[in-house]
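Below is one structure, written out as structure tokens; comments come after it.
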Amino acid sequence: MKKIIKCLMVYLVLCMSISIAFSQGLSPPSNVTAVDTPNDDGRSVTIQWDAAPEDSGISGYQILRRIAGGGLEEIGEMLPAGTTSYVDATIEKGNAYAYIVRAVSDTGATVDSEETAPVKGTGEWFHTGKIPLFVAMLLFSAAILWNIYDARSGKEVFVRRIPGLEAVDEAIGRATEMGRSILYVLGLGGVDNVATIASMTILGQIARRTADYETPLRVPCNDPIVLNVIREMVRTSYLDEGRPDAYNEENIFFLTDSQFAYAAGVDGMMVREKPAAVFLQGQFYAESLLMAETGNSIGAIQIAGTDSEHQLPFFIAACDYTLIGEELYAATAYLSKDPMFLGSLRGQDWGKVVIFAAIVLGVILELSGVGWITSFLQRVR
Amino acid sequence: MEIFGIWIASLLTLCIYSFLYRDNPFYRFAEHLFVGISVGYSIVITIHQGFIPLAWNPLSEAMVALGTQIRGEATPETSEALSGLFKIFPIGIGLLFFARLSPRQAWLIRYPIAILIGFNSGIAIPNVLRAAIFEQTHGTLTPFAQMHAGSMSLDDIIGAVFIGIGLICTLIYFFFSVEHQGPVGWLSKIGIAFLMVGFGAAFGNTVMGRVALLIHRTGFLINDWLGTIF
């Protein structure tokens, strides 16, 4: 009996809301579809519907969903008028969901669309939207591999002068002559950071020179994984130079992973140990000026390098030499003259030529009203 | 208790600021305290947000579920918990980092390092390619499309052309396998000039931000700390 009364009440409320809606001229959202969102992990469904006319009186939409055999539930916040799609990212894999889009007027009147067919979320192995990116990566990798092959075959690869890198030997020589240490700071990046990876390879090259000169190389680390990687790299450099005895693992140590505690610790080391040369290479944030200014105050020769454009001005102001952005990535090739790195560097230049050509061609085409390059780039984004 | 906190924060702030004069025992105390507390804090965070929820809990639940499964009392929940056994692989790879403790087995550490570098490079490179190349190129070209549509003011047109020239010249500056002589040299010099103008603007902007931080800290010392005394 209770169930019948409940059903009757729901029916009455529904009839009333529909009649109110129609009395106010509110029409239900049309062409409502629910599809599994493409190129995801199967945890979302996209609901779309046609845009309502401007004078429809609709002030917003509420999405309702039903798991097969279950009741209707509201999901998400009220969507503003003019919305024509919604991504339900709260579904569970394996369940089928049906959706209703409820139009709501200013007065609170509502009208529901027809219920969509049930849809399940399924994950995709490949993100088809990223195919252009994949092709670009393949082409870029092919250019690099070709240039590495070319460089290894004995063809000379020219690298322009980079003053900051020419000063590396000067800095190491100065530290050796003064009998002081070299402080190498990798910044705050982890192993997933491109600048940190570049910095680690530069450190490997510097370690080769310090192994020859027996100059102490001190490296305070911010990340325990980076610590392990660079210990291995520096050890290998010392081994390659035939000086495993000169390698002191305790000179490469973990300081802290907190940004400003790290800056305070490095600054303290600088003023107490007074290194003759300071290398600040990698990913830096607000601590960059604190460290560069302290290094400057102790009279150390400082060579900085980062791709953090907001920190470069501070390095330029407070350091003797600064590697700007991509110069940091070129450093390994420049220092080692290894055909593999040199070939890779020239391959990167080929990539820049392609970007250069794309920009010039794109500007000409856009000014002529042909927008396919922009549309292509828009799709890749 | 709040006043006690204000006093601690103020005294430590002054200890750190004392570095502006020279290195001294007060700065050293604050520095060591700061480094020590931050390391301790990060260890606790790593254990509670990393080790326990990502390694210990799934693995221990999986072991319990395995026991239940062996006893023939399997339920859908136990089957789900069993998937935690797959955590053995990443945990095993992570444990190889401890190989460093044994000089004879230290070479094993190269495996987790290779996996980490490869995995992180694989994640980073496509994102860099998309964000630093495709999106930037798109952003450069978009104003020219608007220019053709006639929806830009003269100021915006001049700005877009200026940015386009700056971008091309700066790109030329970063060519490494070409001698910077002749037209390439001139264009790269224009490029570095553009970079320096950008850095100057960023410098000024950031310095203003830092001064705001100093004002905030000075305000804390004057209002909050001295306010408790006078």
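Each chain gets a letter, A, B and so on, in the order the sequences are listed, and its residues count up from 1.
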*Sort A/Glu327 into side chain, backbone, both or neither according to what part of it lies under 4.5 angstrom from a heavy atom of chain B.*
both
_Contacting moiety of A/Val159, where chain B heavy atoms sit under 4.5 Å_ = both
*chain B contact via A/Ile316 - which portion, at a heavy-atom distance below 4.5 Å*: side chain
*asked:* Less than 4.5 Å to any heavy atom of chain B: does that hold for the side chain of A/Ser368, its backbone, both, or neither?
replied: backbone
_Contacting region of A/Phe254 [heavy-atom separation from chain B under 4.5 Å]_ = side chain
*Below 4.5 Å from any heavy atom of chain B, which atoms of A/Thr236 appear? Answer side chain, backbone, both or neither.*
side chain
*So which of A/Ile324, A/Val360, A/Leu289, A/Ile162 has the largest heavy-atom pair count under 4.5 angstrom toward chain B?*
A/Ile324
_Toward chain B, the part of A/Asn193 with a non-hydrogen atom under 4.5 Å_ = neither
_Structural part of B/Arg210 lying under 4.5 Å from a heavy atom of chain A_ = side chain
*asked:* Only pairs of heavy atoms separated by less than 4.5 Å count here; which of B/Leu116, B/Val178, B/Ile133, B/Ile109 has the most with chain A?
replied: B/Val178
_Please identify, among B/Thr137, B/Ile37, B/Leu129, the residue contributing the most non-hydrogen atom pairs under 4.5 Å to chain A._
B/Leu129
*For B/Ser42, what residues pass the side chain to side chain donor-acceptor pair (under 3.5 Å) criterion, not counting sequence neighbours?*
A/Asp257
*Determine the option with the most heavy-atom pairs under 4.5 angstrom with chain B, choosing from A/Arg231, A/Gln348, A/Arg161, A/Lys130.*
A/Arg231
_Assess, by modelled atom type and distance only, whether the side chains of A/Thr256 and A/Ser258 contain a donor and an acceptor separated by less than 3.5 Å._
no
_Any non-hydrogen side-chain atom of B/Phe89 less than 4.5 Å from a side-chain atom of B/Lys87?_
no
*asked:* Looking at chain A, which one of B/Phe119, B/Tyr41, B/Tyr173 has the largest number of heavy-atom pairs inside 4.5 Å, strictly under?
replied: B/Tyr173
*Give, as side chain, backbone, both or neither, the part of A/Ile197 having an atom under 4.5 angstrom from any heavy atom of chain B.*
side chain
*Contact origin within A/Leu365 toward chain B - heavy atom pairs under 4.5 Å*: neither
_Quick check: do A/Leu133 and B/Phe134 have side-chain heavy atoms less than 4.5 Å from each other?_
yes
*Taking every heavy-atom pair that is under 4.5 Å apart, which of A/Ile373, A/Val370, A/Val271 has the most such pairs with chain B?*
A/Val271
*Quick one: what part of A/Leu342 sits under 4.5 Å from any heavy atom of chain B, side chain, backbone, both or neither?*
neither
*Relative to each other, are the rings of A/Phe315 and A/Phe284 parallel, tilted or perpendicular (30° and 60° limits)?*
perpendicular
*Which value, rounded to the nearest 0.5 Å, describes the distance between A/Gln259 atom CD and A/Tyr285 atom OH?*
8.5 Å
_Any A/Glu232 side-chain heavy atom under 4.5 Å of B/Ile113 side chain_ = yes
*Would you say the side chain of B/Ile192 lies within less than 4.5 Å of the side chain of B/Met196, judging by non-hydrogen atoms?*
yes
*Flag this pair as yes if the NZ/CZ of A/Arg235 is under 6.0 angstrom from the six-membered ring centre of A/Tyr238 and inside a 45 degree cone about the axis; otherwise no.*
no
*Relative to chain B, which segment of A/Val353 carries a heavy atom at a distance below 4.5 Å: side chain, backbone, both, or neither?*
both
*Against chain B, work out which of A/Thr294, A/Leu367, A/Asp192, A/Asp349 has the most heavy-atom pairs shorter than 4.5 Å and name it.*
A/Asp349
*Student check: side-chain heavy atoms of A/Gln311 and A/Gln283 closer than 4.5 Å*: no
*asked:* At a 4.5 Å cut-off on heavy atoms, which part of B/Val128 comes close to chain A: side chain, backbone, both, or neither?
replied: side chain
*Under 4.5 Å from any heavy atom of chain B - which part of A/Leu345*: side chain
_Minimum side-chain heavy-atom gap B/Ser10-B/Ile6 below 4.5 Å_ = yes
*Region of A/Ala286 that comes under 4.5 Å of a non-hydrogen atom in chain B*: both
_Please identify which of these residues, B/Thr13, B/Asp23, B/Asn24, meets the side chain to side chain donor-acceptor pair (under 3.5 Å) condition with B/Ser18._
B/Asn24
_Please report the interatomic distance CG(A/Asp307) to CD(A/Glu326), rounded to the nearest 0.5 Å._
9.5 Å
